[in-house]
Amino acid sequence: MPVRSDPSMWEAIYADPSVPLDKPLVRMIIEDQQRPSRRLLYPIARIVSRVLVAVLSVIKRVFPGRWMTLRTMDALCLWFLRRFVSPDAVELLIRHFVVETNLVNFIIRNTPAAIEPVTLRPTTLSGLGDNAVVEHDVNVYDVLIALEGIDITAPERLNFAQLDVPDLDPERRRPRLLRLDIQTALCLMNIPFCIALDLEEFRRAIHSLRFDDSFLSILAVLTDDETFEHWKMGALSLWMDTNVDVPQLVYRHALVCEYAHAHLVSIARQRGEGE
């Protein structure tokens with residue numbers, strides 16, 4: 001095949017055989033990154049969000065506590081998602097909650113952890129209310145604490161139950177004033193999160209992202225498959241540092257979860273197990 005003089009970056013990303021995701025999902029992620037807001041607004045929103053959250057965090061050290069109820073935060077974020085964020089971005093956000101719950105439950109079902117499978121699997125935009133964001137972070141901590149002192153080994157037979165992603169409703173028919181990409185949306189939503197959560201809750205939410213490497217190591221052991229190790233970023237859970245670009249880390253976290261989930265589904269298919 002002759003070398004192309006002007007290859008497309010997006011075409012190459014879509015064709016990349018190392019990406020384990022289904023092609024429709026890859027296409028949705030690519031199209032989200034191609035939105036005008038990703039090019040024009042995200043660089044500004046990223047700086048504004050980082051500065052505002054830093055200032056709010058400093059002020060909260062002097063005047064601690066909640067400045068907004070969690071119910072108000074949920075209502076504000078749902079209002080924002082319904083009116084200013086593209087349906088594809090909303091679907092990707094809802095999907096993340098389901099995918100991460102599937103990963104958490106896979107670990108619970110395949111270890112002797114004394115904890116029941118978690119139930120946070122929203123299928124609608126309204127399902128992101130009711131403290132879903134806080135519950136989503138707490139689930140990560142609960143399963144790790146339940147694994148304390150347990151020797152994690154590959155079981156004789158893996159339980160691949162409930163690795164499905166149900167049909168999701170991002171309210172596509174609802175008219176929107178803007179159709180922001182998910183990264184710009186995360187930057188803007190990070191501000192009310194900082195306002196509503198107290199400092200310890202906000203730090204806990206940020207630090208939960210450092211456990212991605214821990215979960216990938218656990219998955220690698222349970223499945224006896226080192227592929228999961230390839231997606232680590234070298235984050236150490238013992239290193240407490242909340243001075244980070246939260247929306248960027250959240251986006252990477254969501255992609256890592258998608259990669260790990262897709263590989264788990266692939267392993268289940270190879271072993272002839274139902275999802």
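Under a 3.5 Å cut-off, the side chain of Thr124 and the backbone N or O of Asp169 do not form any donor-acceptor pair. In this structure, the side chain of Glu201 engages the main chain of Asp198 through a donor-acceptor pair within 3.5 Å. A distance-only check finds a donor-acceptor pair linking the side chain of Ser49 to the backbone of Cys187 [under 3.5 Å]. Under the 3.5 Å distance criterion, the side-chain polar atoms of His261 are matched with a main-chain donor or acceptor of Leu163. Listed for the Tyr251 side chain is no donor-acceptor partner under 3.5 Å among the backbone atoms of Leu186. A donor-acceptor pair under 3.5 Å is absent between the side-chain atoms of Tyr14 and the main chain of Arg27, judged by distance alone. In this structure a side-chain-to-backbone donor-acceptor pair under 3.5 Å is present from Thr101 to Phe97. Judged by distance alone, with hydrogens and angles left aside, the side-chain atoms of Arg176 form a donor-acceptor pair with the main-chain N or O of Arg174 at under 3.5 Å. Side-chain atoms of Asp181 come within 3.5 Å of backbone N or O of Gln183 as a donor-acceptor pair. Looking only at distances, no side-chain donor or acceptor of Asn159 sits under 3.5 Å from a matching main-chain atom of Asn110.
Under the side-chain contact (heavy atoms from CB on, under 4.5 Å) rule, Val221 has a single partner from Asp151, Ile152, Leu216, which is Ile152.
To the nearest 0.5 Å, atoms CZ (Phe215) and CG (Leu144) are separated by 4.5 Å.
A donor-acceptor contact closer than 3.5 angstrom links the side chains of Ser18 and Asp16. Judged purely by distance below 3.5 Å, without hydrogens or angles, the side chains of Asn102 and Arg121 pair a donor atom with an acceptor atom.
Summarising the geometry of Leu125 relative to Pro170, their closest heavy-atom pair is CD2-O, 4.4 Å, with the distance given to 0.1 Å. Closest approach of Ile150 to Ala146, counting heavy atoms only: CD1-O, 3.4 Å.
Leu56 and Leu199 fall into different hydrophobic clusters, where Ile, Leu, Val, Met, Phe, Trp and Tyr side chains are chained together by heavy-atom contacts under 4.5 Å. Note on Val51: it clusters hydrophobically with Val48, by side-chain heavy-atom contacts below 4.5 Å among ILVMFWY residues. With hydrophobic clusters built from ILVMFWY side chains whose heavy atoms lie under 4.5 angstrom apart, Phe63 shares a cluster with Ile191. Residue Val53 is grouped with residue Leu209 when hydrophobic side chains (ILVMFWY) are merged at heavy-atom distances under 4.5 angstrom, including chains of intermediate members. Residues Tyr42 and Leu188 do not share a hydrophobic cluster, defined by chaining ILVMFWY side chains whose heavy atoms lie under 4.5 Å apart.
With contacts defined as side-chain heavy-atom distances shorter than 4.5 Å, the pair Ile218/Leu147 qualifies.
Salt bridge Asp212/Lys232: absent, no basic N to carboxylate O contact under 4.0 Å. The pair Arg46-Asp245 meets the salt-bridge criterion, since a charged nitrogen lies less than 4.0 angstrom from a carboxylate oxygen.
Listed by chain and residue number, Trp79, Phe80 satisfy the ring pair (Phe, Tyr, Trp, His ring centres under 6.0 Å) test with Phe84 (two or more places apart in sequence, or in another chain).
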